[in-house]
Amino acid sequence: MFQRIALGSAALGLLLAIPVLPGHGFGEPRVVPDTRFYFDNHRFDRYPDAVVVRVVNGDTLVVQIEGEQKMRLIQLAGIEGLSPEENPYYQQAIELMRERILYRTVKLEGDKLLRNVDATGLVEAYVWLEGHQMNAMLVRNGLARIIPYSHNIKYDSYYGGLQEKAQQERLGIWSRL
């Protein structure tokens, strides 16, 4: 028994003695290739920073992802924005997004991160700002609806609860019921 403990301690000591190479630690800047597949299905571990350069509507943004040269069109995953016919809530969703995240650095999180079929570059993502998810904020305020059959399912049950609360409190589009 004592030999196992001593052997385990020696192995741990060797691991701790290995120097960490500069530029490879947590939070260190990373080199990001400029390819259209950087933010895709095979890289769930990446949460790239992106600057929001334009709010297209209540659920679509144009962003500049760190390290990429081209701007990207990002659709907020798991939710459906309102149509222009649902004024004033359509405009309120746009204003809320502009007020909160326009020209700010956000984190993008993927679930499936599938590109749309017509290859326009649209990517679905969860958008985070300072620990708050913009997708959830819109649903909670009644400024977006959940998409129950989306391929992005990571937060489905969470969004469902938020939408129920917004309906009960008659917020946004649910105020008309």
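Below, each value reflects all heavy atoms present in this structure, side chains not excepted, and no hydrogens, waters or symmetry copies.
Contact annotation: the side chain of Glu66 never approaches that of Val51 to less than 4.5 Å [non-hydrogen atoms, C-beta and beyond]. Looking only at side-chain heavy atoms (C-beta outward), Asn57 and Tyr90 come within less than 4.5 Å of each other. Counting heavy atoms from C-beta outward, Glu164 and Trp174 have side chains that stay 4.5 Å or more apart. With a 4.5 Å cut-off on side-chain heavy atoms, Leu76 and Leu61 count as touching. By the 4.5 Å heavy-atom criterion applied to side chains, Glu95 and Gln91 are counted as neighbours.
With no hydrogens or angles considered, a side-chain donor-acceptor pair links Tyr155 and Glu109 at under 3.5 Å.
Leu82 and Gly142 get closest at one heavy-atom pair: CD1-O, 4.4 Å. Minimum heavy-atom separation, Ala50 to Leu108: CB-CD1, 3.9 Å. Closest non-hydrogen pair, Gly172 versus Tyr89, comes out as O-CZ, 3.3 Å. Residue Val55 comes nearest to Met97 through the heavy atom pair CG1-CB, 3.9 Å, listed as atom of the first residue, atom of the second, then distance. Between Pro88 and Arg176 the shortest heavy-atom distance is CD-NH2, 4.1 Å. For the residue pair Met71 and Val53, the shortest heavy atom distance occurs at SD-CG2, 3.5 Å.
Taking CG of Leu171 as the start and CD of Gln163 as the end, the distance is 11.5 Å to the nearest 0.5 Å. Separating the OH atom in Tyr159 from the NZ atom in Lys154 is a distance of 10.0 Å, to the nearest 0.5 Å. In this structure, Arg98 CZ and Tyr103 OH are separated by 9.0 Å, a value rounded to the nearest 0.5 Å. To the nearest 0.5 angstrom, Lys70 atom NZ is 13.0 Å from Ile65 atom CD1. With rounding to the nearest 0.5 angstrom, the CD atom of Gln75 is 9.0 Å from the CD atom of Glu80. The CG atom of Asn141 sits 8.0 Å away from the CD atom of Gln92 when rounded to the nearest 0.5 Å.
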Inset, instruction - Run the numbers on Asp156 and Ile146 for side chain to side chain contact (heavy atoms under 4.5 Å, CB included), then give the verdict. - result: CA-CA 8 Å; Asp156 271 4; Ile146 60 171; over 6 Å; no
Inset, instruction - In sequence, state the C-alpha distance, the side-chain angles, and the governing distance for Arg100 and His132, and then conclude on side chain to side chain contact (heavy atoms under 4.5 Å, CB included). - result: CA-CA 11 Å; Arg100 294 280 174 105; His132 300 284; over 6 Å; no
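Between Arg140 and Glu169 there is a salt bridge, since at least one side-chain N of the basic residue sits less than 4.0 Å from a carboxylate O of the acidic one.
If you run side-chain contact (heavy atoms from CB on, under 4.5 Å) between Val127 and each of Leu138, Asp59, Asn135, Val63, only Asn135 comes through. Paired with Leu129 under the rule side-chain contact (heavy atoms from CB on, under 4.5 Å), one option of Met134, Met137, Lys107 passes, and it is Met134.
Of the possible donor and acceptor atoms, one in the side chain of Glu86 sits under 3.5 Å from a partner among the backbone N and O of Ser83.
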